[in-house]
Each structure stands twice: as structure tokens, then as C-alpha cells.
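Here's the structure, in C-alpha cells; my notes come after.
From a predicted model like this one, the values you see are computed outputs, not experimental measurements.
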Amino acid sequence: MNTIPVENLKAWLNANGMSIAGEIELTPLAGGQSNPTFKMTADGQEWVLRKKPPGALLASAHAVDREFRVMKALANTDVPVPDMIALCMDESVIGSAFYIMSFAKGRVFMDPTLPGLSNTERELIYAELRRVAAAIHSLRPSDVGLADFGRPEGYLKRQIERWSKQYRASETEHIASMEQLMHWLPAHLPERESTGLVHGDFRIDNVIFHPTEPRAIAVIDWELSTLGDPLVDFAYHCMSWYLTSSEFRGIKDFDLAALGIPDVETHVQGWSDLTGIDKPQDWNYYIVFNIFRMAAILQGILARSRQGNASASDAESTGRRARSIADAGCRLAYR
């Protein structure tokens, strides 16, 4: 239920340059598990309002200000993003920090098998995903004012420590495979490291496509973006090839050739050709790390569901997948 005080919101927006005369209507947008997101309509126009959830939150989570900053910085690059309009960090206005951005009218594919599309369309959609990922990972952060957007060194080590702490902070039940992964990952940390901009959650459902063309018009949900290793970020995107549909939106249990979807080797090679970053011999390590991280994120969703401040109605069932994908990561690690 929408509990945003729209009169307070309207007054703040008018005081910050939006000039809204009519009534504001807010409609929840489905799909997000983190920051509540609404389509905002007024005076015949449409925008998006995205805010922090209510209640007690994990430290450094739900960083709407970071989302706003990175998308604003990417406005004139090859990475498609919505137009950033206004950021409000004053929680007294509507109860939490929020920002306003343009509304991207297009298609969001929740199912990575792309039902209803032809094989040719699927192939083109996945080629566009590679192109957009490469555009993110080829950027020089200093060129877009993001040189201080994160610490460039020790990214993967810090990520393991961070998500281990986040998992502990939201732990609702004992998961043996998570315990094993928290031991295995630091013990097998790769020596190589590179630095660039990372999205942090680059999945097909965080890319809005043109209504009819296989062209990305907006990459959204930059909450976890920072400076880090692009290889780690792209491996997160490639998790789908290593998980089944029942574990977490995976495509491992499908005949990809019959669908026109590239196998993971082809997909990674296409990204490597665009970025110049070669796939390492210890590629599976990066997949295992990202599966571990996803399990920690799902555990957080489950905890918020039980605290009563989850952003989506399916938070409980989504969060319960933490155990099954942690098990999948453990099998891959010890294989």
C-alpha cells in the first residue's frame, strides 16, 4: 500500500524546480526486491520515484544517492540510463530518501528464456546485453566524474567480507553451504585484479528494452554500483547459465541452442572481444563468488520479509531460495 504523503512530495518537487500543478498519482512498479519504486503521474506526464524502504536497514544498503549519482554521470555515454531529475536526502519529506527520474517506456524481460520471441530476436537481445555490459566495463570512471566512486584496490576481498557480514546480519537459519563458501572463497582468492565501473546487479531484468527493437533504452537498479573488477561484474551476469530456473531465474536446464540463446562460452567471448578482458582459467571462482553473494542478498530479502519491510509481495518465497543457490555454489566450488 502506498503511504507516501503526496502533498509533502508535491510541495518539495515544486520547491525544487518541477512545477507540478495537478494531483500526483503513485503506482507501485513490480519486480524490485530492494528499493520501493513507483510510477509517478501528474499533469499528463510520467516519471519514476524510487525511495529507501522503511524500517531498520543494513548499513550501506539501499543507497539511492549512489544510484542517482552514477546514472547522472552516465547521461552522455554509451550506457543507456534514465534522465535524473531530483534527489532528496531529507527523510522528513516523505519518510525516506528518494529520487525522481524519467520513465523509460519499454520491455522488461523477467524470464531469461525470453518466451514469445523468435530465435533471431533472442540472439539479438543477448548480443545487446553483451554490448551494454561492455560499455559499462570499458568506461574510465575518471572520465565521467566517478574516480572517487569506490576504492579501486582489493575489491573482491572486500566484497567477500562485506557479503559475509551482510549474511550474518540478516541470518534467519543455519545454511551449511553458506558456511562452507565463507571458508572456501577467501582461501582461493585470485591474484589478478582490474578496476572499472561495476553495476553490481547486471541482470536481464534490470535492462529496459525498446518496445519493439532489440535495443536497450535504460539500465536501472544501480544500488550496488561502485568501482571494482569488471570480470566479477560480468560473471554475476553469467550466473544464469550455472543455475536452474527453480534455483534462481537460471537457464541451465534449457536447450539454449533450440532457443537461439548463446552458450556461456560464446557470451563471455563476445564480451571479451568488446572489452579486451580475457576469460581467466579460474573463471568458475567468479561464478561461485557471485552465487554466494546472491544467496546473501536473498537472505536479506527473507529477513526484511519477516521484519515486515520488504519491497515486494513475493519476498518470502524469493528469500527462501538462498539455501538452494548456496548449495549450487558449493557444488561448483568443490567440483
Side-chain angles (χ1 to χ4, degrees), residues 25-41 44-50 67 70-71 74-75 77-85 99-137 199-225 233-234 236-241 243 245 248-251 254-264 266-267 270-271 274 294 311-314 318:
E25 294 185 7
L26 294 169
T27 306
L29 292 173
Q33 290 286 352
S34 183
N35 293 323
T37 308
F38 302 82
K39 182 166 77 170
M40 185 178 82
T41 306
Q45 298 185 68
E46 296 173 326
W47 301 270
V48 170
L49 181 151
R50 188 161 160 90
E67 284 193 307
V70 69
M71 286 189 279
L74 295 173
T77 70
D78 290 335
V79 182
V81 289
D83 294 329
M84 295 295 104
I85 298 169
Y99 65 87
I100 307 293
M101 63 183 173
S102 63
F103 180 70
K105 296 181 180 180
R107 296 175 292 171
V108 176
F109 299 111
M110 299 302 294
D111 186 337
T113 64
L114 304 176
L117 299 190
S118 69
N119 282 22
T120 299
E121 288 173 317
R122 292 187 186 107
E123 183 179 357
L124 292 172
I125 289 290
Y126 273 87
E128 178 69 346
L129 287 171
R130 289 194 297 273
R131 183 197 70 79
V132 174
I136 295 170
H137 299 144
H199 177 276
D201 197 11
F202 191 77
R203 303 195 311 255
I204 192 170
D205 51 302
N206 280 332
V207 179
I208 301 174
F209 283 82
H210 184 277
T212 59
E213 301 172 12
R215 175 169 59 86
I217 61 172
V219 180
I220 57 173
D221 200 353
W222 290 80
E223 179 194 343
L224 298 173
S225 60
D233 204 39
F234 192 68
Y236 173 87
H237 168 68
C238 292
M239 263 196 315
S240 294
W241 279 262
L243 297 172
S245 54
F248 191 76
R249 300 179 189 171
I251 56 178
F254 290 91
D255 184 344
L256 301 184
L259 292 172
I261 295 174
D263 58 45
V264 70
T266 300
H267 199 56
W271 174 82
L274 292 169
M294 176 54 73
S311 301
S313 59
D314 63 344
T318 298

Discussion item. Any heavy-atom pair between the side chains of Glu121 and Leu114 that's under 4.5 Å?
Written reply: no
Discussion item. Given 3.5 Å as the limit, does a donor-acceptor pair link the side chain of Asn206 with the main chain of Asp201, or not?
Written reply: yes
Item to complete: Take atom CG of Asp111 as the centre, draw a 6.0 Å sphere, and report whether it contains more than 12 heavy atoms from other residues, nucleotides or ligands.
Response: yes
Discussion item. Between Phe202 and Val207, is there a side-chain heavy-atom distance shorter than 4.5 Å?
Written reply: yes
Item to complete: Give me the ring orientation class for His267 and Tyr126: parallel if the planes are under 30° apart, tilted from 30 to 60°, perpendicular past 60°.
Response: perpendicular
Worksheet item: Okay, side chain of Trp241, backbone of Pro262: is any donor-acceptor separation there less than 3.5 Å?
Response: yes
Worksheet entry | N/O donor-acceptor pair under 3.5 Å between Arg107 side chain and His210 backbone | yes
Item to complete: Would you confirm whether Glu46, through its side chain, and Thr41, through its main-chain N or O, come within 3.5 Å as a donor-acceptor pair?
Response: no
Worksheet item: Should the heavy atoms of other residues, nucleotides or ligands under 6.0 Å from CD of Glu128 be counted, would the total exceed 12?
Response: yes
Worksheet item: What class does the angle between the rings of His137 and Phe234 fall in, given that below 30° is parallel, 30 to 60° is tilted and above 60° is perpendicular?
Response: perpendicular
Worksheet item: Are the side chain of Asp205 and the backbone of Val108 linked by a donor-acceptor contact shorter than 3.5 Å?
Response: no
Worksheet item: With a 4.5 Å heavy-atom cut-off, do Val264 and Leu256 have their side chains touching?
Response: no
Worksheet item: Looking only at atom types and distance, does a side-chain atom of Arg122 sit under 3.5 Å from a main-chain N or O of Pro115, one as donor and one as acceptor?
Response: no
